[in-house]
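Worksheet for the structure shown next.
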Amino acid sequence: MSDELTLTEPKDTLPATGEPLLTAENLTMHFPVYGGFPFKRKVGAVKAVDGVDLQVFPGESFGLVGESGCGKSTTGRMLTRLLEPTDGRITYRGQDITRAGRKQLAPIRSEIQMIFQDPYSSLNPRQTVGKIISAPMEINGIEPPGGREARVRELLEIVGLNPEHFNRFPHEFSGGQRQRIGVARALALEPKLIVADEPVSALDVSIQAQVVNLLQDVQKELGIAFVFIAHDLAIVRHFSQRLAVMYLGKVVEVGDRDSLYNAPRHPYTHALLSAVPEASLHDDDAPQRERIRLTGDVPSPINPPSGCRFRTRCWKAQDVCATEEPPLVQLSGNRDGHLTACHFPEDGDALSSGKEIVMDEALRRLEK
Amino acid sequence: MTTLTKTEDAPAPTGRDAFLSVRDLRVQFSTEDGIVKAVDGLSFDLERGRTLGIVGESGSGKSVTNLTVLGLHNPKTTTVTGEIVLDGQELTGAREKTLEKLRGNKMAMIFQDPLTALSPFYTIGRQIMEPFRKHTGASKKEARERAIEMLTKVGIPHPKTRVDDYPHQFSGGMRQRAMIAMALVCDPDLIIADEPTTALDVTVQAQILDLLKDLQQEFGSSIIFITHDLGVIAEMADDIMVMYGGRAVERGSAAEVLRAPRHPYTWGLLSSMPSLSGNVHEKLMPIPGNPPSLLNPPSGCAFHPRCGFRSEVGGTLCTTDRPELGAGRASACHLTAEQKQTLFVEQIKPRLG
């Protein structure tokens with residue numbers, strides 16, 4: 001993006017100020033692993049999320065990106081308190097909800113809603129659309145003025161569906177339309193925060209854009225804060241003002257959109273960005289993109305590497321990376337709020353450096 | 001240029017020297033609801049050593065086409081007409097025995113989901129050895145050595161011990177590597193890769209794409225690469241064919257199709273995808289509506305219910321007349337060449353990053 005463009009655009013990329021809506025400190029989720037014979041005992045734990053700190057401000061869209069198994073969905077589920085964290089603290093508008101019980105959570109549940117990935121399994125096939133969307137109101141005993149049915153029709157209209165389809169069943173809709181129903185359900189209680197867990201990954205390319213635009217409209221017009229979980233970096237860039245990159249249960253880099261995409265500091269962020277295939281239209285005159293090919297896959301979260309978790313796939317790793325875990329701090333030269341957890345961060349230059357790092361053994365051999 | 005239509009009957013002159021040549025392929029399934037025209041009059045050529053990328057949404061017929069090339073459809077419920085010529089050999093009416101000799105030997109397939117495509121019951125090594133032994137008649141020992149060699153080639157660490165592992169002991173990326181090893185074990189001339197990286201993470205996807213490209217150079221095979229991701233296509237393909245509703249709507253070299261697309265559907269695909277360098281304040285421009293039902297496809301141009309440029313054509317041409325795809329670089333649309341040019345430059349290009 002050119003400089004003139006950023007100057008004339010509204011400054012929505014600055015870190016939001018004021019009270020955070022939701023704060024997570026040292027958020028941890030260890031799922032026990034049982035084994036042994038004849039009596040099953042706990043033999044270990046899947047460290048799905050291992051000490052994550054993040055803040056979501058009112059009205060902003062906060063992105064969580066990472067590869068499968070990095071704990072982004074588990075984090076999302078803890079933020080909505082569908083899972084109870086094994087350690088750490090979640091604060092919603094100043095109130096600690098980490099261990100809150102069903103009764104205490106009831107009023108908060110209506111303010112934090114969720115949109116799920118799979119529009120096929122997240123809607124009850126035996127209920128009509130009207131019933132699905134009005135269920136949150138029913139459960140919370142809310143009687144909107146004009147009645148629930150009128151509200152459902154209004155919601156259907158907001159998400160771009162025909163209000164006449166009130167009495168239809170989910171199977172009568174296509175994937176994109178079902179995801180719209182999911183959005184309508186999440187909006188039913190006028191939430192302050194929506195956690196969207198890969199809301200467009202299951203949809204076709206042309207339909208993805210429809211749903212992303214819908215979510216963006218909803219976010220801007222109703223001022224709802226979003227936690228947008230996705231593995232597609234281009235979509236997160238389009239949707240979120242701030243984002244965190246996760247790797248194996250930890251946040252490795254967090255910052256605002258411009259800073260993180262234009263000047264990433266963590267090697268993993270570089271690797272992720274360089275791996276995104278681009279349907280570039282003018283690559284002849286454009287500078288060579290960075291090419292980083294990591295080796296292997298993400299290690300197992302049952303037995304994560306010591307020290308920095310990325311070191312096993314990192315080309316800069318040294319002895320200190322194995323012994324000492326890098327703290328998530330603001331490096332010199334970074335904008336406010338851009339934190340990186342790395343002992344040997346990359347320079348803050350853009351991705352067009354033309355750097356080539358190939359760690360994959362087979363690739364190296366073939367290219368020789 | 002509007003009179004480019006109806007050229008389908010005259011096959012392109014290059015058709016005979018192409019390695020794989022498909023002419024007027026039609027695949028129909030009879031179901032309870034009626035006849036599904038999954039592929040409806042498709043023609044394309046693939047030259048030796050080149051990569052053809054097929055892009056399209058789910059239900060556009062891209063996978064069906066390639067399963068037909070391999071002859072993997074149930075003949076009881078499927079009607080296949082047209083011509084598929086692989087290296088001078090006609091495949092459409094071929095007997096099962098002939099196909100069996102070709103599958104895995106001359107043509108091989110890499111599937112989307114390696115977990116379901118590999119048998120959980122047999123070791124990786126045995127699954128790689130099977131086609132090799134069947135086609136070359138090699139002994140068990142030779143085949144095992146070949147399997148280890150292939151695993152080394154695709155970058156599996158400790159191939160000598162991993163050859164005896166079962167698929168569940170491999171990670172997603174390694175399984176896909178094993179699948180590639182399996183497809184390449186007989187040095188096939190044609191590899192069909194059906195969304196081989198869709199189930200993988202971006203960093204692993206980049207590894208696999210590079211690996212396929214490098215292996216292609218080494219083996220000199222032709223690849224048909226099916227995907228819905230234009231970014232992946234841009235990285236892999238020499239030529240691109242865009243499919244919609246069982247037909248090809250645009251064809252050309254990768255640079256031509258990505259830089260100067262001529263069909264409104266391709267425009268829609270390109271502008272509905274966010275890029276890493278685009279303007280984040282510009283809204284995405286999705287294609288309205290949903291992909292068509294193949295049971296009851298729209299009249300005329302199958303894309304007309306979703307097309308925003310119908311008024312440019314004027315009249316009822318779009319709803320009554322199906323535009324045909326010409327030979328070579330072509331797009332199946334009623335817009336004139338000048339209209340396509342101006343519309344793309346003025347309305348579409350500024351939106352792309």
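In the text below, chain A, chain B and the rest are named by the order of the sequence lines, each starting its count at 1.
- If you measure heavy-atom distances from E282(B) to chain A, the contacts under 4.5 Å come from the backbone alone.
- With a 4.5 angstrom heavy-atom cutoff, P291(B) touches chain A only via side-chain atoms.
- Taking G155(B), P274(B), G173(B), G268(B) one by one and counting their heavy-atom pairs under 4.5 Å with chain A, the maximum is reached by P274(B).
- In this structure, the side chains of Q208(A) and S272(B) stay at 4.5 Å or more apart for every pair of heavy atoms.
- When heavy atoms are compared at a cutoff of 4.5 Å, S68(A) approaches chain B by way of both its backbone and its side chain.
- Proximity to chain B (any heavy atom under 4.5 Å) is shown, for D232(A), by neither the backbone nor the side chain.
- When each of V276(A), T295(A), I292(A), L294(A) is tested with T203(B) by the rule side-chain contact (heavy atoms from CB on, under 4.5 Å), just one qualifies, namely L294(A).
- For V205(A), the parts sitting under 4.5 Å from any heavy atom of chain B are the backbone and the side chain alike.
- The two residues L284(B) and H238(A) come nearest to each other via the heavy atoms CG-NE2, 3.5 Å.
- In this structure, NZ in K213(B) is found 12.5 Å from CG in L366(A), a value given to the nearest 0.5 Å.
- Taken to the nearest 0.5 Å, the CZ atom of R237(A) stands 6.0 Å off from the OG atom of S275(B).
- Within the 3.5 Å criterion, the main-chain N or O of I287(B) finds a donor-acceptor partner in the side chain of Q210(A).
- Listed options L200(B), N290(B), I233(B), L215(B) were ranked by heavy-atom pairs under 4.5 angstrom with chain A; first place goes to N290(B).
- Only the side chain of R313(A) comes within contact range of chain B, with heavy atoms under 4.5 Å apart.
- Both the backbone and the side chain of N213(A) come within contact range of chain B, judged by heavy atoms closer than 4.5 Å.
- Within 6.0 Å of NE2 in H158(B) there are 12 or fewer heavy atoms belonging to other residues, nucleotides or ligands.
- Crowding of Q341(B) atom CD: a count of heavy atoms from other residues, nucleotides or ligands under 6.0 Å not exceeding 12.
- Residue V202(B) touches chain A through both its backbone and its side chain, counting heavy-atom pairs closer than 4.5 Å.
- For a residue to count as touching a neighbouring chain, one of its non-hydrogen atoms must lie under 4.5 Å from one of that chain's; by this rule E57(B) touches chain A with backbone and side chain alike.
- Residue contact with chain A, scored on non-hydrogen atoms closer than 4.5 Å, is absent for M236(B).
- Across all their heavy atoms, P277(A) and D229(B) have their closest contact at CG-OD2, 4.4 Å.
- Of the listed residues (Q216(A), Q177(A), H231(A), R293(A)), the one with the most heavy-atom contacts under 4.5 Å to chain B is R293(A).
- With respect to chain A, the highest number of heavy-atom pairs below 4.5 Å among K283(B), E235(B), H228(B) belongs to K283(B).
- With no hydrogens or angles considered, no side-chain donor-acceptor pair links T152(B) and R365(A) at under 3.5 Å.
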